[in-house]
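This report refers to the structure that appears directly beneath it.
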Amino acid sequence: MGRVGTALRELRGAQKSAKGVSLYSRFVNRPAGRYLAAGSYALGLTPNQVTLVSAAFSFAAVAAVALATPSWGLGIAVWAALAVGFAFDSADGQLARLRGGGSAAGEWLDHVVDAAKLTALHSCVLIAFYRFPEAYGTGSDAWLLVPLGFQFAAVVTFFGGLLTEKLKPKAPAGSTAAAPSTLRAVALLPVDYGVFCLVFLLLGGGSLFRWAYAGLGAVAALFLLAFLAKWFRELSAVRR
């Protein structure tokens, strides 16, 4: 417990900026990741090993969506595995900072796993809609387009945000970061991955899940348009 307590104290002072982060990530996922990072540090795990633990939870949940008959119990299990995987996704970066900094290979692995997770999750919802049309009420092939559209919005948002951060000039050393906006943190909740995972609690609800998932997909598409306009405007002022 001594190593865990020491790690927690150090991690509280080594958190990333909360700017541009939703309330869920700020007050739920990052604190959970902090405890997982401290426990992983005490166990002697590396950040890359924690990334792989995150992947194991996430892809187990993803496979269950595609392969298992939908039920309320499955929904709880899928949500729990996705939520734990997301917390470990936060823990790997925190553990890297605790150990004195990460590596380029570690950051690459983290982003590759995130991209694979997003792609696989919506692909497996499509498979589930195809395999269990009676359970979800997806007898029409048009419903198979919904996961494809959601996947498109999620992947382009992920890649666009990542590329924008790489292309924007770094803030000068010693500059003070702007205080995070509470209004923005609330507004980002509908497109936070942790909030999205809650929809899988409705897997036993048949058409309830289908409509909730489709609704979040529509919101993701609207946010994508807003993000693209914002990022393009910000990068238009950058000269290279």
Side-chain angles (χ1 to χ4, degrees), residues 22-33 35-36 39 50 52-91 113-155 157-158 185-223:
S22 84
L23 287 181
Y24 179 91
S25 288
R26 183 177 176 185
F27 293 111
V28 178
N29 198 59
R30 283 188 177 180
Y35 281 96
L36 292 174
V50 172
L52 294 177
V53 171
S54 170
F57 275 100
S58 299
F59 288 114
V62 166
V65 171
L67 300 176
T69 303
S71 67
W72 292 108
L74 176 68
I76 293 172
V78 167
W79 166 77
L82 290 173
V84 171
F86 190 35
F88 270 109
D89 187 31
S90 174
V113 168
D114 285 344
K117 177 176 63 179
L118 279 177
T119 306
L121 185 53
H122 295 292
S123 296
C124 285
V125 171
L126 186 153
I127 293 170
F129 280 180
Y130 179 79
R131 294 189 68 219
F132 308 108
E134 297 84 4
Y136 291 113
T138 52
S140 169
D141 288 345
W143 276 105
L144 302 181
L145 298 176
V146 174
L148 288 177
F150 204 155
Q151 181 185 74
F152 176 85
V155 171
T157 299
F158 174 78
V186 172
L188 287 172
L189 281 172
V191 287
D192 186 284
Y193 178 78
V195 174
F196 162 67
C197 291
L198 290 169
V199 77
F200 291 95
L201 289 171
L202 302 176
L203 276 178
S207 61
L208 185 60
F209 170 79
R210 168 171 49 103
W211 284 111
Y213 177 85
L216 287 174
V219 170
L222 292 174
F223 267 84

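One is the number of the first residue; the rest follow in order along the sequence.
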Residue pair Ser54 / Asp89, side-chain donor-acceptor N/O under 3.5 Å: no
Geometric cation-pi criterion Lys117 and Phe86, 6.0 Å radius, 45° cone: no
Check: Phe209 ring centroid to Phe200 ring centroid under 6.0 Å: yes
Student check: side-chain heavy atoms of Leu126 and Leu148 closer than 4.5 Å: yes
Side chain to side chain, Trp79 and Leu198, heavy atoms closer than 4.5 Å: yes
Flag if over 12 foreign heavy atoms under 6.0 Å of CZ, Phe152: no
Residue pair Tyr136 / Leu203, side-chain heavy-atom distance below 4.5 Å: yes
Side-chain donor-acceptor pair present, Gln151, Thr119, cut-off under 3.5 Å: no
Ala87 backbone acceptor or donor facing Asn29 side chain under 3.5 Å: yes
Aromatic ring proximity Phe150/Phe196, centre distance under 6.0 Å: yes
Side-chain heavy atoms of Leu222 within contact of Val219, under 4.5 Å: no
More than 12 heavy atoms from other groups under 6.0 Å of CH2 on Trp143: yes
Ser71 side chain vs Leu74 backbone, donor-acceptor pair below 3.5 Å: yes
